[in-house]
Amino acid sequence: MRKKIIAGNWKMHKTVAEAIALASGIVDSYKPKRVEVVIAPPFTALYKVAEVIRDTHVRLAAQNMFHEPEGAYTGEVSPIMLKDIGVEYVIIGHSERRKYFGETDTTVNLKVKSALKHNLIPIVCVGETLDEREHGITMDVVRRQILGAFTDITADAFEHIVIAYEPVWAIGTGKVATPEQAVEVHRFIREVLRNELNVEAENVPILYGGSIKPNNIESLIKEPDIDGGLVGGASLRVDQFVEIVKISDRIVGGN
Ligand code: 13P
């Protein structure tokens with residue numbers, strides 16, 4: 001069975017003290033049996049949060065990285081630096097990075113390759129804007145993003161890749177995609193992986209992201225095509241995030 005993952009993307013939130021409190025709360029509240037819990041604090045808190053979650057069930061992600069291992073790249077953080085402090089996953093190509101920081105399918109591809117080379121698991125984000133959905137080009141956009149992100153990536157590497165479908169119109173808006181809308185795109189992504197990249201798509205986890213809350217996670221995670229969630233706002237509170245983890249763990253367990 002594919003891995004099921006609930007990942008919290010804290011975005012640009014939390015001081016170090018706040019991050020320690022949130023991570024501790026998540027660790028102490030509930031240990032799921034089946035779902036992997038991943039948290040992505042801001043860079044400044046990664047080192048301390050790594051200490052808090054060491055030897056627990058919670059795994060550490062970064063929200064971004066640069067593709068070079070080191071060098072004169074002022075302001076950037078390398079995969080080697082992330083590995084050094086215990087980071088296992090890295091979010092790549094989030095729509096906010098594409099929108100505000102000029103990330104393209106090309107830079108996403110460079111970062112995916114670099115993450116894999118340095119034994120980090122990329123969580124590669126794709127998803128259409130509202131305008132693109134309304135123009136009926138959702139699948140074209142997602143296909144272009146998938147083929148762009150995974151150019152020159154071998155089929156074997158997909159054992160260490162996670163994909164997140166995050167429709168831009170659902171992020172931070174309270175407008176969650178319906179399970180049908182999400183499933184349609186998740187299935188399409190699997191088809192592209194299988195038919196165009198010769199990947200064993202059945203083994204690649206595809207998460208959904210966009211306005212996940214405790215009151216809508218059940219209908220999403222119930223779908224066999226949806227392997228978990230990338231949670232923004234609701235990952236900033238222990239009670240909400242843990243509730244999402246609990247519900248997911250129960251549903252994945254068949255209850
Ligand atoms: P929200 O859950 O706040 O909509 O954010 C989703 C997201 O962008 C996760 O990466």
Side-chain angles (χ1 to χ4, degrees), residues 4-14 18-19 22-23 26 35-43 45-46 49 58-65 82 87-101 103 108 111-112 115 120-130 132-133 138 141-142 145-146 149 161-179 181-182 185-186 189 205-221 226-248:
K4 304 288 176 178
I5 301 168
I6 297 293
N9 175 7
W10 297 2
K11 305 192 180 183
M12 198 173 73
H13 294 282
K14 305 294 176 186
E18 289 166 349
L22 178 54
I26 291 166
V35 172
E36 176 142 293
V37 179
V38 178
I39 54 177
F43 284 128
L46 278 174
V49 169
V58 179
R59 314 258 67 89
L60 193 59
Q63 298 175 18
N64 180 34
M65 56 169 245
L82 297 178
V87 171
E88 292 177 60
Y89 290 86
V90 57
I91 299 171
I92 306 273
H94 191 282
S95 62
E96 288 150 14
R97 297 228 43 97
R98 295 180 193 250
K99 180 171 174 193
Y100 301 122
F101 303 102
E103 296 236 6
V108 169
K111 291 181 181 200
V112 171
L120 288 161
I121 299 177
I123 302 175
V124 181
C125 301
V126 297
E128 80 288 2
T129 62
L130 183 60
E132 288 162 344
R133 176 160 282 264
T138 295
V141 169
V142 169
Q145 291 172 334
I146 290 285
I161 288 173
V162 174
I163 295 171
Y165 168 56
E166 297 206 310
V168 178
W169 48 270
I171 295 176
T173 59
K175 269 195 250 161
V176 66
T178 64
Q181 286 173 322
V185 179
H186 284 221
I189 291 171
I206 306 181
L207 316 183
Y208 165 81
S211 295
I212 291 180
K213 305 285 176 225
N215 68 8
N216 59 32
I217 185 64
E218 176 161 350
S219 61
L220 293 159
I221 196 85
I226 300 178
D227 301 309
L230 186 51
V231 186
S235 73
L236 298 174
R237 283 183 40 186
V238 175
D239 56 349
Q240 292 198 5
F241 188 65
V242 168
E243 189 60 20
I244 289 168
V245 172
K246 273 188 192 167
I247 294 168
S248 303

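Note that ligands are numbered from 1 as they come in the structure, with each ligand's atoms numbered from 1 the same way. Bear in mind the structure is a predicted one, so any value in this text is a computation, not a measurement.
Heavy-atom contacts of His94 reach the following atoms of ligand 1: 7 (C), 8 (O), 9 (C), 10 (O) (cutoff under 4.0 Å). Close approach of ligand 1 to Gly210 (heavy-atom distance below 4.0 Å) involves ligand atoms 4 (O), 6 (C).
Atom 2 (O) of ligand 1 has Gly232 N, 2.9 Å as its closest protein atom, hydrogens excluded (heavy atom only). Looking only at protein heavy atoms, the nearest one to atom 9 (C) of ligand 1 is Glu166 OE2, 2.9 Å. The protein heavy atom nearest to atom 3 (O) of ligand 1 is Gly233 N, 2.8 Å. Shortest contact from atom 5 (O) of ligand 1 to any protein heavy atom: Lys11 NZ, 3.3 Å.
When all heavy atoms are compared, the tightest approach of Val162 to Tyr89 is CG2-CE2, 4.2 Å. Of all heavy-atom pairs between Ile212 and Ala234, the closest is O-CB, 3.5 Å.
Within a 6.0 Å radius of NZ in Lys213, more than 12 heavy atoms belonging to other residues, nucleotides or ligands are found.
Considering CD1 of Ile189 and CD1 of Ile146, their distance stands at 4.5 Å, rounded to 0.5 Å. Taking CE from Met65 and CD1 from Ile91, the interatomic distance works out to 13.0 Å, rounded to the nearest 0.5 Å.
Under the side-chain contact (heavy atoms from CB on, under 4.5 Å) rule, Cys125 has a single partner from His94, Arg97, Glu96, which is His94.
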Step-by-step side chain to side chain contact (heavy atoms under 4.5 Å, CB included) determination, Asn64 to Phe101: CA-CA 11 Å; Asn64 180 34; Phe101 303 102; over 6 Å; no
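The closest donor-acceptor contact from the side chain of Ser211 to the backbone of Ala170 lies under 3.5 Å.
The closest approach between any non-hydrogen atom of Gly172 and ligand 1 is below 4.0 Å. Taking a 4.0 Å cut-off on heavy atoms, Lys213 fails to register as neighbouring ligand 1. Ligand 1 has at least one atom lying under 4.0 Å from a heavy atom of Ser211.
Residue Glu96 places no N or O, backbone or side chain, under 3.5 Å from any N or O of ligand 1. For a threshold of 3.5 Å applied to N or O pairs, the pair formed by Val231 and ligand 1 contains no separation below that value.
With a heavy-atom cut-off of 4.0 Å, Ala170 touches ligand 1 through its backbone alone. If you look at Ile171 next to ligand 1, the close heavy atoms, those under 4.0 Å, come from the backbone and the side chain alike.
Side-chain contact check for Val108 versus Glu103: some heavy-atom pair is nearer than 4.5 Å.
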